[in-house]
Colleague: 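The structure that follows is given in the form of structure tokens.
No hydrogens, no waters, no symmetry mates; every other heavy atom, side chains included, goes into these values. Naming convention: chains lettered A, B, ... in sequence-line order (proteins, then strands); numbering from 1 in each chain.
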Protein chains: 2
Amino acid sequence: MKVTLVEVAERAGVSLGSASRAMNDQGASEAMVERVRTAAVELGYRPDASGRSLRMKQTKQIAFAVADIGNPVYVEMLSAIHETVSPAGYRVVVMQTGQTAHSTAELVRTMSAGIIDAMILSPLRLDDELLAALTSAPMPIVVIGRPLPEHGIDSVSTDSAVAIGMAVDHLIDIGRTHIGFINGPLDTTPGAARQRGFVSAAQQRLASEASPIEIADDFTVAAGLIAANTLLTRAQESGTPINAIVAANDLLAIGVIRAAKNLGLRVPEDLAVTGVDNTEIGGLFQPSITSVSLGSTERAHVAAQIVLERIAPDAGHGGEVRQAHIGPTLVARESTGAADPMLTSLNTTPRQSDGTPQ
Amino acid sequence: MKVTLVEVAERAGVSLGSASRAMNDQGASEAMVERVRTAAVELGYRPDASGRSLRMKQTKQIAFAVADIGNPVYVEMLSAIHETVSPAGYRVVVMQTGQTAHSTAELVRTMSAGIIDAMILSPLRLDDELLAALTSAPMPIVVIGRPLPEHGIDSVSTDSAVAIGMAVDHLIDIGRTHIGFINGPLDTTPGAARQRGFVSAAQQRLASEASPIEIADDFTVAAGLIAANTLLTRAQESGTPINAIVAANDLLAIGVIRAAKNLGLRVPEDLAVTGVDNTEIGGLFQPSITSVSLGSTERAHVAAQIVLERIAPDAGHGGEVRQAHIGPTLVARESTGAADPMLTSLNTTPRQSDGTPQ
DNA sequence: TTGAAAGCGATACCAA
DNA sequence: TTGGTATCGCTTTCAA
């Protein structure tokens with residue numbers, strides 16, 4: 001049933017070692033390669049990866065671990081990682097960390113050699129337990145999120161506090177000064193950073209009574225809809241209505257736009273809305289959503305590059321801590337009154353999936 | 001650096017075999033388990049998966065292979081597969097098949113033991129080469145797409161020709177009789193099936209001159225926008241304007257709605273639009289998109305179940321060919337004038353991602 | 001219940 | 001360049 005290299009060697013009438021070399025083009029005569037390859041084809045030989053992994057001490061697999069692959073940002077990151085590591089012969093394994101720092105630490109601890117060669121991790125929450133798991137991990141791990149050089153952990157970061165500030169600036173630029181904020185849970189890394197960003201920007205440039213904040217249960221459309229409904233209703237009743245909302249990510253922003261519609265508010269005329277992440281879905285939404293890009297695909301790409309360098313036999317774990325930073329950039333779209341970039345962007349952003357199941 | 005079970009055994013003062021048994025709770029005294037576990041923790045032992053895989057002849061990994069993970073349908077399928085196989089201790093590896101049947105066959109052929117235990121495949125195109133690769137594969141493979149029982153291949157299918165017919169019926173029900181069709185490439189399995197479905201429905205229930213068809217370059221928003229623009233413009237010029245469009249999937253439908261807006265057409269008042277796949281993004285779009293569900297998550301779930309049964313030591317490859325079928329269902333939304341199901345659906349469909357990177 | 005040893009399938013070393 | 005053999009880390013059989 002199962003054909004091993006031993007049988008191929010026997011059939012070709014050569015030694016096991018020669019068969020291995022012939023299959024891998026490692027110093028074998030042409031005649032030898034010919035004989036062995038022929039025998040392999042005749043027998044339908046397929047190399048067994050676990051035997052090879054055991055000996056070579058590498059699996060050619062890289063894990064991408066996130067809280068929930070359902071978020072489009074992660075899908076875009078996954079594609080970027082895929083494209084980066086595939087040419088080097090690596091496969092990508094998607095893993096779910098779960099919501100908590102503990103479950104993430106658990107995942108990191110159970111990842112052993114023989115499954116993956118390295119991991120790219122984008123944790124939602126971070127605590128000492130997880131940091132400890134990361135530093136004691138037996139393989140290269142690159143964190144996408146906030147910078148962690150002081151812990152000796154490779155990271156590719158952005159500054160989402162600054163990102164929120166850019167959104168506020170943009171709204172002020174278009175004449176909106178009553179700006180609300182819809183954030184996700186404050187005990188998450190992105191939630192905390194974005195909260196700082198908004199509070200800081202509001203203090204410097206807005207009147208606090210005109211800057212209400214509402215915390216959604218999580219970073220989802222549904223939670224954003226509920227939170228925005230609460231915030232908008234409350235603002236109207238309090239007599240200081242708002243004319244703009246900054247959402248902590250694009251999914252929340254979609255919820256905000258839905259809530260606005262339910263309340264009879266027009267976007268962007270009555271309410272300007274901004275998101276964060278610059279996801280594809282945000283750009284395709286109607287109205288298309290002005291969003292601050294955190295360079296997700298670039299960060300994923302860089303993280304994948306770092307991983308490949310760490311894996312490389314010579315580079316090894318020895319080098320110094322790698323840290324890359326990618327600054328946010330704002331992309332103005334219809335939800336803040338900018339011209340519809342749909343038609344033009346279609347020509348410049350081919351990134352959209354192919355294929356569909358039957 | 002790396003701790004093996006041998007070292008754990010030495011530290012615990014027991015034999016290698018006992019250490020193995022203790023770690024796996026396979027007939028070891030409590031005292032033994034205690035000693036070995038303690039030593040393992042002290043040394044920071046992590047089992048090496050390739051050693052185990054080599055011996056056990058299983059990797060606890062299942063591949064999910066698709067043309068492009070960027071399509072939201074595949075993401076939903078991935079989540080369903082993940083949820084189904086995780087409890088059984090299996091990880092999911094995402095693999096890209098590429099666009100062609102040949103590249104897919106290539107992938108199937110290079111998948112050997114030691115990497116994955118089974119594969120769930122949703123191929124865009126299917127030919128004899130791929131069928132041959134599937135039948136001669138050394139591991140269980142379940143195809144999500146069209147039924148393939150005559151080739152002895154497990155499959156979970158739907159009927160997307162019927163799905164298109166349902167969309168046409170729905171449009172006729174709401175009084176639209178001038179219906180265009182935006183399809184994807186006809187040499188794909190879904191493209192061919194949906195073409196049959198529309199042509200058949202149009203012949204039976206519509207005037208052919210009122211049923212123009214346009215083929216988009218692929219199943220994407222961008223291609224849908226271009227194709228819809230062509231079709232709508234042509235229909236207007238020919239003097240037989242249409243008042244509805246059936247799109248072959250939700251991504252194309254989004255493109256159609258964008259094209260309609262660019263031409264000053266209101267959806268659904270001037271143009272009703274339907275999609276296929278019932279993706280989350282379609283339901284969240286504005287207007288929300290009426291779509292025919294092909295039961296993607298259910299099919300993925302069933303495929304994963306079949307795979308688990310095939311993998312199970314007793315079931316084995318021996319059983320007869322498994323074939324499941326899930327019929328399409330139409331979900332009416334705003335794009336065909338139905339009431340906005342957004343608020344109510346939010347309570348019943350919690351499926352939306354959590355988390356966002358910093 | 002425990003210990004000793006065989007063996008999974010591949011690569012890589014050392015002689016020839 | 002080729003053959004013979006040790007070895008990767010683990011599970012599992014066979015005796016004790």
Colleague: Between the side chain of B:Ser155 and the main-chain N/O of B:Ser157, is any donor-acceptor distance below 3.5 Å?
Modeller: no

Colleague: How far does the helix from C:dT1-D:dA16 to C:dA16-D:dT1 bend, going by the axes of its first and last five pairs, to the nearest 10°?
Modeller: 40°

Colleague: So that I can tick it off, tell me whether A:Asp154 and A:Arg310 are bridged by a salt bridge, with the cut-off set at under 4.0 angstrom between side-chain N and carboxylate O.
Modeller: yes

Colleague: Any luck finding a side-chain donor-acceptor pair between A:Ser53 and A:Ser50 under 3.5 Å?
Modeller: no

Colleague: Is B:Arg299 paired with B:Glu76 through a side-chain N to carboxylate O contact shorter than 4.0 Å?
Modeller: no

Colleague: Name the one of A:Val108, A:Thr97, A:Val143 that satisfies side-chain contact (heavy atoms from CB on, under 4.5 Å) with A:Pro123?
Modeller: A:Val143

Colleague: Give B:Ala113 one of three labels, base, sugar-phosphate or nothing, depending on what nucleic acid heavy atoms sit under 4.0 Å from its own.
Modeller: nothing

Colleague: I'd like to know whether A:Arg91 forms a salt bridge (charged side-chain N to carboxylate O under 4.0 Å, His left out) with A:Asp117, so could you lay out the CA-CA distance, the side-chain angles of the two residues, the decisive distance to 0.1 Å, and finally the verdict.
Modeller: CA-CA 10 Å; A:Arg91 285 176 298 277; A:Asp117 296 339; over 6 Å; no

Colleague: Would you give a per-nucleotide map of nucleotides 7-14 of chain C, 5' to 3', where B means the base has a protein non-hydrogen atom under 4.0 Å away, S means only the sugar-phosphate does, and - means neither?
Modeller: BBBBBBB-

Colleague: Closest approach of A:Tyr74 and A:Ser122, non-hydrogen atoms and distance?
Modeller: CE2-OG, 3.8 Å

Colleague: List in chain and number order the residues that pass side-chain contact (heavy atoms from CB on, under 4.5 Å) with B:Ala88, two or more places apart in sequence or in another chain; answer none if no residue qualifies.
Modeller: B:Tyr90, B:Leu308

Colleague: What is the distance, rounded to the nearest whole Å, between atom CD1 of A:Ile115 and atom P of D:dG9?
Modeller: 15 Å

